[in-house]
There are 2 protein chains.
Amino acid sequence: MSTSRGARQPTIKEVAGLAGVSPMTVSRTLAGGRNVRPDVQERVMAAVRELGYYRNENARSLRPGQPSGLVGVAITNLANPYYGNFALGVEEVAAEHGRRIILGNSGEDAGRERQLVSDFIGRQVDGLILVPTSGDAEHLRPERLGEVPLVLASRRVPGLEVDTVLLDDVGGSYRGTVSLLEAGHTRIGFLGNRSSVFTGARRYAGYERAMLEGGAPIDPAIVARDQQDVAAASRAARAMLELPDPPTAIFSANNRNTIGALREIGRRIRDGLPGPHPAVVSFDDFELSELMPVPVTIIDHDAQLLGREAARLLFARLDGSADEAARTVELPVSIEFP
Amino acid sequence: MSTSRGARQPTIKEVAGLAGVSPMTVSRTLAGGRNVRPDVQERVMAAVRELGYYRNENARSLRPGQPSGLVGVAITNLANPYYGNFALGVEEVAAEHGRRIILGNSGEDAGRERQLVSDFIGRQVDGLILVPTSGDAEHLRPERLGEVPLVLASRRVPGLEVDTVLLDDVGGSYRGTVSLLEAGHTRIGFLGNRSSVFTGARRYAGYERAMLEGGAPIDPAIVARDQQDVAAASRAARAMLELPDPPTAIFSANNRNTIGALREIGRRIRDGLPGPHPAVVSFDDFELSELMPVPVTIIDHDAQLLGREAARLLFARLDGSADEAARTVELPVSIEFP
DNA sequence: CTTGCGATTGGTAACGTTACCAACCTACCG
DNA sequence: CGGTAGGTTGGTAACGTTACCAATCGCAAG
């Protein structure tokens with residue numbers, strides 16, 4: 001009787017034996033069949049099917065210069081739907097180029113990122129796509145990466161001149177803040193990341209510029225710049241909304257902070273606290289934003305497109321432009337009014 | 001002058017040469033250093049650092065029986081945040097076991113899934129974790145997979161006896177529907193997937209049982225079972241809400257359908273159409289559900305936990321229980337009232 | 001019938017690593 | 001001081017594949 005467990009993977013030699021040809025002929029057939037007689041190809045393919053043979057891609061890429069067909073991708077936070085979409089964009093373009101992605105979650109930890117990159121290189125990835133952490137980036141220096149091209153997404157790393165895909169963080173934040181000023185708000189709170197996070201600095205810069213140009217004072221009491229998760233964002237929003245002079249609007253520099261702020265605003269509405277409740281501008285879209293109890297303006301962008309663009313830069317470099325200078329693509333954002 | 005591009009990856013021989021030892025000693029040092037003199041280990045590690053050497057994991061796993069340290073993961077839709085969290089759960093547990101994941105998006109296409117699995121096996125993955133598509137599953141039969149263990153998540157495949165992690169779809173849907181009946185609703189619409197999708201069938205079964213037991217008639221006019229995306233779900237919701245006798249509540253069997261339904265309800269509220277607007281029960285959580293303009297009951301579960309559990313089953317099988325019968329874990333769901 | 005050319009096929013070596021075995025060295029015991 | 005055990009090191013072969021070259025085949029032209 002046959003057991004439920006299958007057998008060892010067959011090798012090319014066994015296929016060759018069954019088909020009555022040499023391993024070379026099997027290899028050639030699988031590589032497209034150039035200079036192999038059609039009837040021989042038939043026999044080989046029959047043997048392949050019969051044995052359930054899969055070419056060993058690792059052995060294949062052992063030969064130097066042979067691409068492994070793998071792209072290493074490290075993300076800071078896969079739980080964030082934004083990065084899920086980013087990964088999907090990378091995956092799609094990689095698949096179009098016949099590549100797979102190896103995915104790792106760095107969790108904003110530079111040490112973990114370093115491990116991931118080591119492992120990726122050890123697996124002979126053809127390229128790396130990272131959303132870099134804000135920590136030490138010694139492990140990303142060109143001399144450490146050898147010939148493996150690197151593309152950064154979302155964030156730049158100081159001193160590292162590599163292909164990079166960014167969003168128009170400054171412009172988007174500026175325009176978002178301006179829309180609040182134009183609506184008559186002058187007391188506008190800020191929720192975001194600290195300056196050491198690349199996007200944190202850029203998005204604050206856009207807010208700051210709009211406020212300065214609009215003649216609106218920036219009150220440190222309603223600027224909170226160190227929330228990484230929803231719970232912390234809620235607490236920060238609560239603190240500023242409980243002030244004697246709370247902000248009339250809140251600029252939120254990312255997804256997590258927006259959710260946190262809206263959760264707090266929702267709680268205040270449910271608890272019957274007196275309004276008016278603050279308007280919100282959010283850098284990053286989220287589903288059903290149009291159903292929120294306060295008007296939410298979205299600074300929208302396409303994470304999947306960001307991923308696709310990062311992958312395109314990588315494959316452009318793999319397909320020839322190896323020696324050209326590093327390129328930066330800055331993707332536009334759009335503003336969606338409530 | 002030094003160019004910005006790094007050099008070829010050094011091999012173990014070059015490290016050995018620089019350290020003045022044999023490749024074997026380098027290999028042993030990197031494998032933990034058993035039976036290598038400490039001063040020699042020092043010299044080896046210095047050479048490793050100097051040259052920027054990374055062990056070639058592909059060559060390493062060439063030897064049969066050696067694990068590759070890779071787990072192949074295929075997801076039906078990575079854009080869905082639910083699956084992003086699933087992937088994260090798998091990634092975390094895999095990382096705890098020193099493994100990486102290779103990720104592919106099948107997009108509900110069985111052919112694409114087959115390609116992904118072929119590629120994964122060709123890369124000598126230690127195991128596979130799939131959210132299977134509903135199509136032909138010939139490529140998942142044990143004789144096709146050889147020795148590679150497979151874990152299914154979210155959905156079962158008919159006729160395939162392998163380790164599986166499921167949600168309590170039937171129970172959750174039943175309890176969710178009962179909560180609507182208890183609130184006095186009898187005309188309850190259904191939005192979900194068709195029966196050929198495993199969860200589509202199970203979640204409908206829970207709804208059906210609750211309706212039958214509650215003596216509420218099931219009207220085919222308010223049962224829509226073929227929406228894969230948000231736009232289709234919106235259209236289906238619109239169709240049933242425009243009936244002369246619209247449902248007073250809607251049971252939505254997943255994330256995408258919930259968003260679609262709520263978008264349509266929001267539109268009707270904004271357009272000033274007369275209510276009452278339907279209550280919603282949603283299988284799958286989403287952020288800020290508590291801020292919706294109609295009460296939303298959530299049948300909640302933890303996608304990340306589902307991923308972790310799937311990975312645990314896989315590693316349990318890799319770590320010994322290879323010959324035991326297939327196990328199924330059914331994770332509970334919780335009901336969150338508005 | 002010979003020659004030559006292109007198409008087809010096979011043998012060998014190499015990719016980078018580690019298991020296995022053999023050789024060596026050291027130190028301690030008798 | 002010889003013997004031996006254990007710790008340390010190196011050589012060889014093999015993992016599965018494909019590039020390169022050599023060999024063979026078929027066929028058409030002379």
Side-chain angles (χ1 to χ4, degrees), chain A residues 7-44 47-48 51-70 118-119 121-126 146-147, chain B residues 7-44 47-48 51-70 118-119 121-126 146-147:
Chain A
R8 207 191 78 262
Q9 296 297 334
T11 75
I12 201 172
K13 277 184 197 157
E14 300 174 82
V15 174
L18 182 59
V21 296
S22 77
M24 267 316 300
T25 300
V26 177
S27 175
R28 266 189 285 255
T29 302
L30 262 28
R34 266 179 56 86
N35 290 354
V36 180
R37 275 196 349 248
D39 59 315
V40 176
Q41 291 195 39
E42 281 295 317
R43 250 178 25 241
V44 169
V48 165
L51 295 178
Y53 168 76
Y54 297 90
R55 193 160 55 175
N56 184 329
E57 298 292 332
N58 291 347
R60 212 157 112 73
S61 64
L62 195 53
R63 181 170 295 277
Q66 286 287 335
S68 66
L70 290 176
S118 291
D119 185 272
I121 294 179
R123 291 182 194 284
Q124 314 300 112
V125 291
D126 299 336
E147 292 176 312
Chain B
R8 209 191 76 261
Q9 297 296 334
T11 75
I12 201 173
K13 278 186 196 156
E14 300 174 81
V15 175
L18 182 60
V21 297
S22 76
M24 267 316 302
T25 300
V26 177
S27 175
R28 265 189 284 255
T29 302
L30 261 29
R34 265 180 55 86
N35 291 353
V36 180
R37 275 199 344 250
D39 58 316
V40 176
Q41 291 195 40
E42 281 295 320
R43 246 173 34 236
V44 169
V48 165
L51 294 177
Y53 167 77
Y54 297 90
R55 193 158 57 171
N56 184 330
E57 298 291 333
N58 291 347
R60 211 157 114 73
S61 64
L62 196 53
R63 180 170 297 275
Q66 286 287 335
S68 66
L70 290 176
S118 290
D119 185 273
I121 294 179
R123 293 184 193 282
Q124 314 300 112
V125 291
D126 298 335
E147 292 176 314

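No experiment lies behind these values; they were computed from the predicted model shown. Naming: A, B, ... by sequence-line order, numbering from 1 per chain.
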Original post:
If you look at every heavy atom in B:Asn58 and A:Asn58, which pair is closest and at what distance?
Top reply: OD1-OD1, 3.6 Å
**OP:** Kindly say if A:Gln9 contacts the phosphate of D:dG16, meaning a side-chain N or O under 4.0 Å from OP1 or OP2.
**Re:** no
**OP:** Respond yes when some side-chain nitrogen or oxygen of B:Tyr54 is under 4.0 Å from OP1 or OP2 of C:dT17, and no when none is.
**Re:** no
Subject >> side chain to side chain contact (heavy atoms under 4.5 Å, CB included) partners of A:Glu42, counting only residues at least two apart >> reply: none
Original post:
So, does B:Gln41 use its side chain to make a donor-acceptor pair with the main chain of B:Gly33 at under 3.5 Å?
Top reply: yes
Original post:
Is the distance from OP1 or OP2 of D:dG16 to the nearest side-chain N or O of B:Gln124 less than 4.0 Å?
Top reply: no
Subject >> Overall bend - the helix from C:dC1-D:dG30 to C:dG30-D:dC1, comparing terminal axes fitted on five pairs, nearest 10 degrees >> reply: 50°
Subject >> Nucleic acid contacts of residues 55-63 of chain B, taken as heavy-atom distances under 4.0 Å to DNA chain C >> reply: B:Arg55, B:Asn56, B:Ala59, B:Arg60, B:Leu62, B:Arg63
**OP:** Figure out the NZ/P separation between B:Lys13 and C:dG16, and round it to whole Å.
**Re:** 7 Å
Subject >> With A:Ser22 via side chain to side chain contact (heavy atoms under 4.5 Å, CB included) - residues at least two apart >> reply: A:Met24, A:Thr25
Original post:
How would nucleotides 6-12 of chain D be written as a contact map, 5' to 3', with B for base contact, S for sugar-phosphate-only contact and - for no contact, using protein heavy atoms under 4.0 Å?
Top reply: --BBBB-
Can you check nucleotides 22-27 of chain C for protein contacts, nitrogen or oxygen pairs under 3.5 Å, and list what you find?
none

Original post:
Taking CD from A:Gln66 and C1' from D:dA19, how many angstroms apart are they, rounded to a whole number?
Top reply: 9 Å
Original post:
Taking only residues two or more places apart in sequence or in another chain, which ones pass side chain to side chain contact (heavy atoms under 4.5 Å, CB included) with A:Asp119?
Top reply: A:Arg123, B:Arg100
Subject >> Residues which pass side-chain hydrogen bond (donor to acceptor under 3.5 Å, both in side chains) with A:Gln66, listed by chain and number, not counting sequence neighbours >> reply: none
**OP:** Could you tell me which non-hydrogen atom of A:Gln124 sits nearest to which non-hydrogen atom of A:Ser68, and how far apart they are?
**Re:** O-OG, 2.6 Å
**OP:** Give the minimum heavy-atom separation between B:Leu30 and B:Tyr53, together with the two atoms involved.
**Re:** CD2-CE2, 3.3 Å
Original post:
With sequence neighbours left out, what residues match B:Glu57 under side-chain hydrogen bond (donor to acceptor under 3.5 Å, both in side chains)?
Top reply: B:Arg60
Subject >> Any side-chain heavy-atom pair of B:Asn56 and B:Ile12 under 4.5 Å >> reply: no
Original post:
Does A:Asp126 have any salt bridge (charged side-chain N to carboxylate O under 4.0 Å, His left out) partners at least two apart in sequence or in another chain, and if so, which?
Top reply: A:Arg99
Original post:
Can you list the residues that meet the side-chain hydrogen bond (donor to acceptor under 3.5 Å, both in side chains) rule with A:Arg55, with sequence neighbours excluded?
Top reply: none
Original post:
Using a cut-off of less than 4.0 Å, is there contact between a side-chain N or O of B:Ser27 and OP1 or OP2 of C:dT18?
Top reply: yes
Subject >> Partner set under side-chain hydrogen bond (donor to acceptor under 3.5 Å, both in side chains) for B:Arg37, not counting sequence neighbours >> reply: B:Asp39
